[in-house]
2 protein chains.
Amino acid sequence: MISIATWNINSVRLRADQVERFLTQEAPDVLCLQEIKTAESLFPHDVFERLGYTHRAVHGQKGYHGVATVSRIPFREIGRHDWQDNGEARHVGVELIGPGQGLILENVYIPAGGDIPDRTVNAKFGQKLDFLERMTRWADKLDKPTLIVGDFNIAPLESDVYDHKALLKVVSHTPLEVETLQRFADAHGWVDLGRKHIPAPERNYSWWSYRSYWRQKDQGRRLDHMWASPDVAAQSLSHRFVEETRRWDQPSDHVPLVTELSL
Amino acid sequence: MISIATWNINSVRLRADQVERFLTQEAPDVLCLQEIKTAESLFPHDVFERLGYTHRAVHGQKGYHGVATVSRIPFREIGRHDWQDNGEARHVGVELIGPGQGLILENVYIPAGGDIPDRTVNAKFGQKLDFLERMTRWADKLDKPTLIVGDFNIAPLESDVYDHKALLKVVSHTPLEVETLQRFADAHGWVDLGRKHIPAPERNYSWWSYRSYWRQKDQGRRLDHMWASPDVAAQSLSHRFVEETRRWDQPSDHVPLVTELSL
DNA sequence: GCCCAAGAGG
DNA sequence: CCTCTTGGGC
């Protein structure tokens with residue numbers, strides 16, 4: 001059995017102590033981080049090394065984006081896609097060696113998409129859709145047991161947001177985004193582990209805005225996901241959201257997700 | 001007997017808790033702050049109010065400089081000099097009412113003066129000397145019992161720095177600054193309480209640079225001062241530097257000075 | 001709101 | 001090294 005976690009940490013340097021606390025408490029075998037917001041040279045390798053996460057694939061970028069996969073079990077890095085060829089660090093892929101042998105683990109940070117859900121006036125929204133379309137063409141060719149995790153920046157189901165109707169016009173929950181994400185899902189037959197283990201319409205959020213006081217009112221959205229190839233999904237034992245991190249000092253706006261696979 | 005303190009706090013909002021700790025521990029009747037680095041509207045009035053410092057004269061400025069005098073005993077504000085008429089908040093004066101009746105308390109933050117001690121290539125150095133010259137003309141006319149305190153940004157004596165010879169060419173200890181400060185002293189006959197109570201060449205520092213690791217090597221300078229009119233100096237009972245604050249978390253680069261007067 | 005980067009000022 | 005501002009991003 002191996003356990004895998006994903007967490008948009010919103011600056012790994014600022015929250016190195018929180019990552020340490022999480023790893024100490026939950027002890028996942030692998031942790032996928034997004035928005036590390038640092039160049040690889042300033043990544044806090046020592047923290048992970050000390051805790052036994054001696055295998056690391058860090059695709060960093062100064063100030064923005066950036067993803068990292070750290071692991072107690074060996075892996076080999078299989079690539080860093082830059083689907084839009086714009087230099088943004090939004091993906092790193094690894095293949096597990098030893099325990100979980102052969103599992104492909106794709107760590108991705110999909111663009112947020114700006115404020116206005118209209119690609120003619122908001123280039124960032126167009127970039128988000130284009131990113132998903134390029135990922136879809138890529139996923140169509142995947143033929144190995146794969147788990148893709150990360151911050152997708154889309155809450156696809158009605159029960160993935162605190163107010164479905166109100167958010168239909170808000171970037172992250174628009175029909176256009178949801179349809180585009182669905183085409184990505186269909187391209188590989190991805191199984192949404194979050195909803196496999198916590199079926200809709202059960203409350204199931206991973207993100208709360210820093211703006212306003214929504215935190216207190218529980219106005220969250222499920223933007224972070226773990227999706228598995230059908231064969232991998234069949235081996236998934238559990239899935240949970242570690243909401244406790246929201247109560248820590250100066251938390252990330254995202255909480256971690258953890259899943260267990262019988263590999 | 002009244003006690004008066006001065007402290008360059010280097011952001012009163014960031015260190016409101018440290019100011020509270022200092023006031024709780026030392027309980028001076030009056031505290032003069034420099035480099036509060038905030039507009040008056042964002043000054044943490046509540047902290048002082050709660051501790052009984054209900055009389056406050058805050059001469060704030062957004063982001064830079066700024067001075068404030070807070071007191072448990074009543075005073076009336078007598079003015080805010082802008083000697084160079086450049087809008088910088090570097091002075092506030094008050095006159096005590098009740099205990100210490102009639103004492104004038106001038107709180108001042110003299111410009112640092114930049115890096116190069118040459119007014120032809122460094123306008124900031126010229127501004128510092130000009131500021132002192134304008135203060136000198138002002139001091140020449142003072143005729144009331146006065147205590148002037150604050151960050152003078154000059155260490156006048158050899159024993160006011162960790163290495164006199166090395167610092168002769170460093171802004172804060174150059175002969176030109178020391179002579180200019182001496183003319184200010186002579187203009188009113190100010191008595192340096194720091195050296196009245198802790199005579200040279202005893203070690204007597206109020207500031208340690210954040211840059212480099214001088215803190216550990218005790219490479220300090222005496223940049224903060226409390227100077228009294230001769231009549232007030234005759235009533236000065238004690239004077240000390242509260243170096244303990246340097247060991248607090250994220251300390252200011254300056255430590256507080258406290259003096260007691262038999263008024 | 002919170003995070004990053006630059007640049008100024010100390 | 002530390003703090004502030006502005007401006008971008010989410």
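Quick note on labels: first sequence line is chain A, next is B, and so on, each numbered from 1.
Rounding to whole angstrom units, OH of residue B:Y109 and C1' of D:dT3 are separated by 11 Å. Distance CG (A:D115) to P (D:dG8): 13 Å, rounded to an integer number of Å. Distance CH2 (B:W208) to P (D:dC2): 16 Å, rounded to an integer number of Å. Rounded to an integer number of Å, the gap from CD of A:E35 to C1' of D:dC10 is 7 Å. Computed from coordinates, the A:R221 CZ to D:dC10 P distance equals 14 Å when rounded to whole Å. Between the CD1 atom of A:I110 and the P atom of D:dG9 there is a distance of 19 Å, given to the nearest Å. Atom-to-atom, CZ of B:F152 to P of C:dG10 comes out at 17 Å; the value is rounded to the nearest Å. Rounded to whole Å, the distance from NZ on B:K128 to C1' on C:dG10 is 11 Å.
With B:H91 as the partner, the side-chain hydrogen bond (donor to acceptor under 3.5 Å, both in side chains) test is satisfied by one option alone out of B:H81, B:Q34, B:R80, B:E106: B:E106.
Taking the side chain as every heavy atom from C-beta outward, A:L223 and A:I154 never approach each other to under 4.5 Å. For the pair B:S252/B:W208, no side-chain contact is recorded, criterion being any heavy-atom separation below 4.5 Å from C-beta on. Here the side chains of B:L181 and B:F152 are in contact, with some heavy-atom distance below 4.5 Å.
Ionic pairing of B:R203 and B:D218 is present here: one or more N-O contacts between side-chain nitrogen and carboxylate oxygen are shorter than 4.0 angstrom.
You won't find any donor-acceptor pair under 3.5 Å spanning the side chain of B:R211 and the base of D:dC2, going by distance alone.
Cation-pi geometry between A:R90 and A:W83 is not met at under 6.0 angstrom from the ring centre and within 45 degrees of the axis.
Across residues 8-24 of chain A, A:N10, A:S11, A:L14, A:R15 each have a non-hydrogen atom less than 4.0 Å from an atom of DNA chain C (numbered order). Residues from residues 58-66 of chain B that place a heavy atom under 4.0 Å from any atom of DNA chain D, listed by number: B:K62, B:G63.
Ring pair A:W207/A:H254 is tilted by interplanar angle, where 30° to 60° counts as tilted.
Every residue meeting the side-chain contact (heavy atoms from CB on, under 4.5 Å) condition with A:A112, not counting sequence neighbours, appears here in chain and number order: A:N153.
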query: Hey, mind stepping through A:H45 and A:R56 against side-chain hydrogen bond (donor to acceptor under 3.5 Å, both in side chains) and telling me if it holds?
result: CA-CA 8 Å; A:H45 284 285; A:R56 295 182 292 275; 2.7 Å; yes
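Checking D:dC10, C:dG10, D:dT3 against the side-chain heavy atoms of A:A112 singles out D:dC10 as nearest. Here D:dG9 is the nucleotide among C:dG10, D:dC10, D:dG9 with the atom lying nearest to any side-chain atom of A:K37.
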